[in-house]
Trainee: 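Quick one: this structure, given as structure tokens, is what I'll be asking you about.
Note: hydrogens, waters and symmetry copies are ignored here, and every other heavy atom, side chains too, is used. No experiment lies behind these values; they were computed from the predicted model shown. By convention here, the first residue in the shown sequence is residue 1.
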Amino acid sequence: LAGISYLLGLLMSVKAVFMLKECVDYPMRLPLRNAVMSLLAGGALFGLPIILESMHNTINPAHTASTIGSPQLRAVEFKIN
């Protein structure tokens, strides 16, 4: 999933750069909105594996390399004078 996401994100971003160049050369032929949306979609696809990994580590921290345990309450003392 990560490799496909990185590849599609890179391809969408390169396509968006070429669309942006065409928008600058021929502004009446292609709206700028299409190039910007393709660039945003490429960035989202490129960042998807990082987001999925952090979500997985947040939900299931037992599989991470450095697991920090949650604090536990051992005893409660009330010293009232």
Side-chain angles (χ1 to χ4, degrees):
L1 179 67
I4 292 171
S5 180
Y6 282 136
L7 181 66
L8 287 176
L10 187 63
L11 289 175
M12 289 276 295
S13 298
V14 169
K15 176 187 166 193
V17 169
F18 284 119
M19 286 174 65
L20 189 62
K21 183 189 178 303
E22 190 172 335
C23 286
V24 171
D25 290 343
Y26 307 106
M28 298 303 286
R29 206 162 101 190
L30 186 68
L32 182 64
R33 178 177 51 122
N34 294 347
V36 171
M37 288 178 65
S38 291
L39 191 62
L40 289 175
L45 282 172
F46 200 73
L48 183 66
I50 297 167
I51 293 170
L52 288 178
E53 181 182 355
S54 64
M55 284 174 44
H56 178 55
N57 289 342
T58 301
I59 293 171
N60 194 6
H63 296 293
T64 59
S66 62
T67 303
I68 299 173
S70 60
Q72 296 179 353
L73 184 62
R74 303 238 189 263
V76 177
E77 294 180 12
F78 294 106
K79 294 185 179 181
I80 301 174
N81 291 331

Trainee: To the nearest 0.5 Å, what is the distance between CD on Glu53 and CG on Leu1?
Mentor: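 Those atoms lie 12.0 Å apart.
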
Trainee: Donor-acceptor pairs under 3.5 Å, side chain of residues 4-21 to any protein atom, not counting sequence neighbours: which ones?
Mentor:
unit_1 : atom_1 : unit_2 : atom_2 : d
Ser5   : OG     : Leu45  : O      : 2.3
Ser13  : OG     : Gly9   : O      : 2.9
Lys21  : NZ     : Asp25  : OD2    : 2.7

Trainee: What pairs of donor and acceptor atoms, side-chain ones from residues 28-41 against any protein atom, are under 3.5 angstrom apart with sequence neighbours left out?
Mentor:
unit_1 : atom_1 : unit_2 : atom_2 : d
Arg29  : NH2    : Glu22  : OE2    : 2.9
Ser38  : OG     : Asn34  : O      : 3.2

Trainee: With a cutoff of under 4.5 Å between side-chain heavy atoms, which Ile, Leu, Val, Met, Phe, Trp and Tyr residues group with Ile80?
Mentor: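 Traced through the cluster, Ile80 reaches no other member.
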
